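A short write-up of the structure that comes next.
In this text the structure is predicted, and so the values were computed from the model without any measurement.
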Amino acid sequence: MMNPSITSNIQSLTIPIAGMTCASCVKRVEKALLRVPGVSGAEVNLATEAASVSGSAEVTLPLLRTAVEAAGYSLPEQSLSLQISGMSCASCVNRVERALLKQPGVLSAEVNLATEAASVHALASVDPQALIEAVAKAGYAASLPAGQGAATEPKPNWQHSGWPVLIAALLSAPLVLPMAGTLFGQHWMLNGYWQLALTLPVQFWLGARFYKAGWAALRAGSGNMDLLVALGTSAAFGLSVYELWQQGPHTMRLYFESAAVVITLVLLGKWLEARAKRQTTEAIRALKKLQPETARVRRDGREVELPLGQLRLGDEVLVRPGERIPVDGEVLEGASHVDESLITGESLAVSKGLKDKVVGGAVNGEGLLLLSVTALGAESTLARIVRLVESAQAKKAPIQRLVDQVSAVFVPVVIGVALLTLLGWGLLQGSWEQALLNAVAVLVIACPCALGLATPTAIMAGTGVAALHGILIKDAEALELAARLDVVAFDKTGTLTVGMPQMVALLAAPGIAEAQLLAWAAALQAGSEHPLAHAVAEAAAARQLAIPAATAMRAVAGRGVAATLLVDNSTAMELRLGSSRFMQELGVACTALQAQADQLQQEGRTVSWLAEVFGSGSAAPAPRLLGLLAFGDSVKPTAAAAVQALQKMGIRTVMLSGDNAGSASQVGRQLGIDEVRAEVLPEDKARIVAELKGGGQHRVAMVGDGINDAPALAAADVGLAMSTGTDVAMAAAGITLMHGDPALVAQAIALSRRTVAKIRQNLFWAFAYNAIGIPLAAFGLLSPVIAGAAMALSSVSVVSNALLLKRWRA
């Protein structure tokens, strides 16, 4: 609940508090708030779960939030999306952002000119209607999206259609024809009153949008492109009306065509720009349209066709050959090949059979499939992909901050230059008509639209293309940082290797039967999801061994597992299964099998030892070696090519593995990895990533798929997670690779470099256009009509350049 009278310089504020349970909580929150500099009073109400804070103007919401969080509580928050209409340039973006940030409870606000959307992070008590009203006061219109993730695209209104452009062109054509006639030696002029009649609807009907938006900007104490166009065309129109009144309808000193043609060209530029911007979101729209609207469901022994909104988890869905799969599910019956290319970027159809997972939006091949629904609506894979891409497109890249700073002062500076141009030509040359025309040219050519569109359009196109190739970029910062990477660190198992090892050797110590050794090892691994545990379970199942019961099972991080085993329902054994390091720490003598273990490790096998321990006291017998198990895991077919592709890009490759040095080195040599770090504990991976950064000298990416990779993924400049891994890894990563192909790493970096290059090209041309155009206009070398055409061309060229990213191929 927010106090509506609060402004950014608050005197009193009411904030919601989450997590309080009793009176002691109230006192802790009050004490925490009173310690904030500038707070003079704080009262917390447990019943309303809110705090009333009073203080000086120095007290801000972020300071209060930090204090509450430090006390162990939180301010409930929400994320809102608003559709914004009426924006035309980067100055509009800044004004809408400032209006939103002034609202009590708003923590952050990012506005994207290209998508015409605002992403607002605010306290949960903030009313979206208050945000809509704040945007309206700033001179724009805002609304909540009708349906998040809807596949339908809102139809453009009349103002954004091509009709205003066509009508303006038809009305302006008679004004331009006399100018064209002079090229062929024909000199004639349309009657001045006819010129006025043709220009009036263009200026004040079709051009009304510029007056409305310009006036709103003035009321808010800032300026934008619409204000420049309104001022410039109004000056040309006003001068023409004055001359018509003074000199009559046959005077040659009329400039109606300048006003009408400039508005026509600006409308044309905005229409072309809008069409081009829609193309930058084609990828996200294509993803949204993948999911069918209905599904064929088997209920009560019969098949019925139902809208997706009526489906429930566990429903049985029938998918015929050639149909698009409507929901995420698990195969209950049937087998087929499924085309997931538009979702994962995997070009080949994937074989699916019993218990395999399928993704909604993929296309079924030749077989009939019966699926059990595992995810619906916002939790489906397709919906999460769309949200991730939309989130990335809404975020600003770090490079955009410079543009925002420049655009904030751009319009006032341009108006100042136009005034200097007017006074300079008028006072020094004595030609106030020419002075006014030159000032109009300055106002018209200096449109900041290109600056505002340079970065977001490239990001939208880049992230959209990436999504179609199976690369999900979480935010614009990850996209920009990926372009500067010079070191890539890989986890081994499941990332560079298939991650499905098989047991290739079973060696028992003297006096121990191999079947007994395998049964004991399988008991310790029961219930584990580790790839080696699956290999042991499969080997034991293949021999049809009876697995004894294990109790007190626990994982020893980076080393192995421990458990108590009941043998013959009477004898208890304390067993340990794990790495050579684990055996050394336990004091297990591995001499009997060491030679065989060394040979297996040289062959690139992973060795696990099984031992029995007898307590920890000095009188306890020494641990007894029971045997070893060796596992082999094949490298992924594309791993070597992926490493070579990175090295050709000038990127050093590093492999981090918890396996022994022999096994890790074997894989490293096979793939051509530059550096191999073996026997790395999970907690050490983040430290090694920090070492690779070299104090900021290198930009490092981490590629992984497991829970144990999450700290390293977060510690890296850019984390890349395989979607075949865990949700924890994907949450910690900035980029998710939608199928377990290491080749996507190089593709992600290459696309990031291409996108950032487009951003830099766009910014260069946007700045260069203004740096060249404004002086030319100020010195009288550009007419208002040419300036209008150049201004329209600048925005269209920036968006068109970004659209070239759609042609990117892996």
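A donor-acceptor contact under 3.5 angstrom links the side chains of W609 and S580, judged on distance only. Inspection of the Q594 and D598 side chains reveals an N or O donor paired with an N or O acceptor under 3.5 Å.
Annotation: side chain of V689 is not in contact with side chain of K685 (no heavy-atom distance under 4.5 Å). The closest side-chain heavy-atom distance from V635 to L496 is not below 4.5 Å. Contact of the L629 side chain with the L507 side chain is not registered, since no non-hydrogen atoms from C-beta on lie closer than 4.5 Å. With contacts defined as side-chain heavy-atom distances shorter than 4.5 Å, the pair S657/V676 does not qualify. Using a 4.5 Å cut-off on side-chain heavy atoms (C-beta onward), L532 and S608 make contact.
Judged purely by atom type and a 3.5 angstrom limit, R581 uses its side chain to pair as donor or acceptor with the backbone of E679. Formation of a donor-acceptor pair under 3.5 Å by the R652 side chain with backbone atoms of V487 is not found in this model.
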May I have the list of side-chain donor-acceptor pairs in residues 364-373 shorter than 3.5 Å, sequence neighbours left out?
from, atom 1, to, atom 2, distance (Å)
N364, OD1, S336, OG, 2.7
N364, ND2, V319, O, 3.3
N364, ND2, R320, O, 3.1
N364, ND2, G367, O, 2.6
E366, OE2, H337, ND1, 3.1

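Taking CG of L744 as the start and CD of Q747 as the end, the distance is 5.0 Å to the nearest 0.5 Å. Between the CG atom of L518 and the CD atom of Q516 there is a distance of 11.0 Å, given to the nearest 0.5 Å.
Applying the side-chain hydrogen bond (donor to acceptor under 3.5 Å, both in side chains) test to E538 and every residue at least two apart in sequence or in another chain returns nothing.
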